[in-house]
Protein chains: 2
Amino acid sequence: MDTTVQSTEDRIHEAARKVFHQKGFNGARMQEIADLAGINKALLHYYFRNKESLFEKVFNETFSQIVSNMTKIFLSEMALMSKIEIFVNFYINFISQHSYVVPFIINALYEKPEQLREIITRQNVSPELLLEQIRKQLKEEMGLDIDPLHIYVNILGLTIFPVVAKPLIQSIFAISDERMVVFFEQRKTIVPTFISNALKGYEKNKSLAKI
Amino acid sequence: MDTTVQSTEDRIHEAARKVFHQKGFNGARMQEIADLAGINKALLHYYFRNKESLFEKVFNETFSQIVSNMTKIFLSEMALMSKIEIFVNFYINFISQHSYVVPFIINALYEKPEQLREIITRQNVSPELLLEQIRKQLKEEMGLDIDPLHIYVNILGLTIFPVVAKPLIQSIFAISDERMVVFFEQRKTIVPTFISNALKGYEKNKSLAKI
DNA sequence: ACTATTTTTGACCGTTTGGTTAAACTATAT
DNA sequence: ATATAGTTTAACCAAACGGTCAAAAATAGT
């Protein structure tokens, strides 16, 4: 398949990403990462000082990837509802393909909250622009004075939660793999419709819109 | 404070719950559980065969607690929108107070999917009643032919996701602890309103309601 | 008071873990 | 060819881990 020659450092990095994503910091073994990269374990410590620093590198990369994609769409020049449609579509695909990523981040944040809070703030995502943009569009395109943070969190919750809770939903409701694929395809249209309906509801009754 | 004399087994059980909830299976140490219970490590293995069985006990208890509360509200005799209001209120409080519980379950399901899928199906929650009840109420109270699973997942996502992603939201948007409390208080009214608006939107335009 | 049973302990064991070290190998430049 | 710097390895280490064991302490039955 892939015949491109990777540098040792890249092979380690890729292997570490896979193992950390699947097993978390505590579940991951340095030996397993070395095996997956096809190298000696000592070579891991030659390129990366220790497990912590290797994990930090993976976490940083993963986190910034997720967040940058998240903001990119909402900072573009489109109508708000179009952004939401694209966002939902993109994220259901993305997280389905990288199903370990979000649990990995949630897990990491609960395993070592203090250390990661630092790392996150060091990345300074500066989401003020994002929220301001949403606030502006809610106002100008729909005449709504709603807290953009709540709307944004709603969008994230409707999109991300089902993907994260997939194993749970599948077990509880006894859904086959095939039906699960259909389920997520349906959500690509259902979620934007749901949000659109909700926002239109505020328009009809603007006295309730002040929150 | 609490002067009730607990049995050793209960003390172990409580200690195990706390440690497993905070650190997950891989992060938890038997020694730490023993210390927290104020007993010798060997006594752990006297009451519980090994780490796995102790974890299973904690997982079962936690999982059934979450799910039973989840279904109880929706199977009661009330109007759908009242159920949703009560559900959102209850769960924002519950998960805020037990903030480790949901990540614990998500984490567990990604750490050991096969074993837990068994355990979950063994508990057989039988959610058909729940979905059927929601479907019926959507139809009778609002005249909607919508897939109840999607609506239910939407309710869960809007309610649970923000609590799970709390450390993330707080770090990214630089929100103080006090503002975070306000944020969740706001959601207790915002989420039911959001859902109510969305459902009313389907009523207006029933051609879109078939999903 | 004595015995039998249950509960609790300290010391210990084999394995696994992240990490180190010194030596070997490779490539490059002179 | 030889010195030099960078790369890779096998062997090893101390600490931490889950788990065991035999003996001590506590409890209950007679």
Side-chain angles (χ1 to χ4, degrees), chain A residues 3-62 104 107-108 110-112 114-116 119, chain B residues 3-62 104 107-108 110-112 114-116 119:
Chain A
T3 50
T4 53
V5 181
Q6 271 181 309
S7 73
T8 305
E9 192 167 343
D10 284 347
R11 291 217 317 280
I12 293 177
H13 199 253
E14 191 182 323
R17 208 183 53 230
K18 286 182 186 167
V19 175
F20 278 131
H21 278 189
Q22 285 188 37
K23 316 227 166 151
F25 180 80
N26 287 319
R29 302 297 122 175
M30 294 298 267
Q31 187 62 59
E32 192 182 348
I33 295 174
D35 290 348
L36 194 63
I39 53 150
N40 191 286
K41 196 180 59 167
L43 205 53
L44 278 184
H45 295 86
Y46 176 74
Y47 282 100
F48 301 89
R49 209 166 313 139
N50 51 30
K51 196 182 179 184
E52 292 272 348
S53 72
L54 185 51
F55 178 81
E56 262 192 37
K57 200 144 194 167
V58 170
F59 181 86
N60 266 318
E61 178 208 58
T62 305
F104 162 76
N107 184 12
Y110 274 84
E111 268 181 346
K112 27 176 71 187
E114 330 77 25
Q115 298 136 60
L116 296 187
I119 295 175
Chain B
T3 50
T4 54
V5 181
Q6 270 181 308
S7 73
T8 305
E9 191 167 345
D10 284 347
R11 291 217 316 281
I12 293 176
H13 199 253
E14 191 183 323
R17 208 183 54 230
K18 285 181 186 168
V19 175
F20 278 131
H21 278 188
Q22 284 188 36
K23 316 223 168 156
F25 180 80
N26 286 320
R29 300 293 108 129
M30 295 298 266
Q31 187 62 60
E32 193 182 347
I33 295 173
D35 290 347
L36 196 62
I39 52 150
N40 192 286
K41 196 180 60 166
L43 204 54
L44 278 182
H45 295 86
Y46 175 76
Y47 282 99
F48 300 89
R49 210 166 313 139
N50 51 30
K51 196 182 179 185
E52 293 272 347
S53 73
L54 185 51
F55 179 81
E56 261 192 37
K57 201 143 194 167
V58 169
F59 182 86
N60 267 318
E61 177 207 56
T62 304
F104 163 75
N107 184 13
Y110 273 84
E111 268 180 348
K112 27 177 71 187
E114 330 77 27
Q115 298 137 57
L116 296 186
I119 295 175

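Being a predicted model, the structure only gives us computed values, none of them experimental.
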(request) Kindly say whether A/Val58 contributes a backbone atom to a donor-acceptor pair with the side chain of A/Arg17 at under 3.5 angstrom? (result) no
(request) Provide, to the nearest angstrom, the distance between the CZ atom belonging to A/Arg29 and the C1' atom belonging to C/dT16. (result) 8 Å
(request) Specify the separation, in whole Å, of atom CG of B/Asn26 and atom P of C/dT16. (result) 15 Å
(request) Whole angstrom is fine here: how far is it from NZ in B/Lys51 over to P in C/dT15? (result) 19 Å
(request) Applying side chain to side chain donor-acceptor pair (under 3.5 Å), name anything that partners B/Glu52, two or more places apart in sequence or on another chain. (result) B/Lys112
(message) Quick check on contacts: within residues 11-25 of chain B, what sits under 4.0 Å from DNA chain D by heavy-atom distance?
(response) none
(message) Would you say B/Thr8 places a side-chain N or O within less than 4.0 Å of OP1 or OP2 belonging to C/dT7?
(response) no
(request) Applying side chain to side chain donor-acceptor pair (under 3.5 Å), name anything that partners B/Asn40, two or more places apart in sequence or on another chain. (result) none
(request) Run the salt-bridge test on A/Lys57 and A/Glu61 with the 4.0 Å N-O cut-off and return the result as yes or no. (result) no
(message) Distance check needed: C/dT6 P versus B/Glu9 CD, whole Å only.
(response) 15 Å
(request) Give a yes or no on whether the backbone of B/Ser53 and the side-chain of B/Asn50 come within a donor-acceptor separation of less than 3.5 Å. (result) yes
(request) Check the distance between C/dT17's P and A/Glu52's CD and give it to me in whole angstrom. (result) 17 Å
(request) Tell me which residues in residues 39-49 of chain A put a heavy atom below 4.0 Å from DNA chain C, sorted by number, or none. (result) A/Lys41, A/Ala42, A/His45
(request) Walking along DNA chain D from 5' to 3', note the first and the last nucleotide with an atom under 4.0 Å from a heavy atom of chain A, and give both. (result) D/dG6 to D/dA10
(request) Could you tell me whether the side chain of A/Phe20 reaches within less than 4.5 Å of the side chain of A/Thr62, counting heavy atoms only? (result) no
(message) Counting the atoms with a prime plus P, OP1 and OP2 as sugar-phosphate, which does A/Ala28 contact under 4.0 Å by heavy atoms, base, sugar-phosphate, or nothing?
(response) sugar-phosphate
(message) Assess the residue pair A/Gln31 and A/Asp35 against the criterion (side chain to side chain donor-acceptor pair (under 3.5 Å)); give the C-alpha distance rounded to whole Å, side-chain angles, the decisive distance to 0.1 Å, and a yes or no.
(response) CA-CA 6 Å; A/Gln31 187 62 59; A/Asp35 290 348; 3.1 Å; yes
(request) With sequence neighbours excluded, tell me which residues meet ring-ring contact (aromatic ring centres under 6.0 Å, His included) with A/Phe59. (result) A/Phe63
(request) Would you confirm whether B/Lys23, through its side chain, and B/Arg29, through its main-chain N or O, come within 3.5 Å as a donor-acceptor pair? (result) no
(request) May I ask you to test the A/Tyr110-B/His21 pair for a side-chain heavy-atom distance under 4.5 Å? (result) no
(request) Side-chain contact test, heavy atoms from C-beta onward, threshold under 4.5 Å: evaluate it for A/Gln22 versus A/Phe104 and give yes or no. (result) no
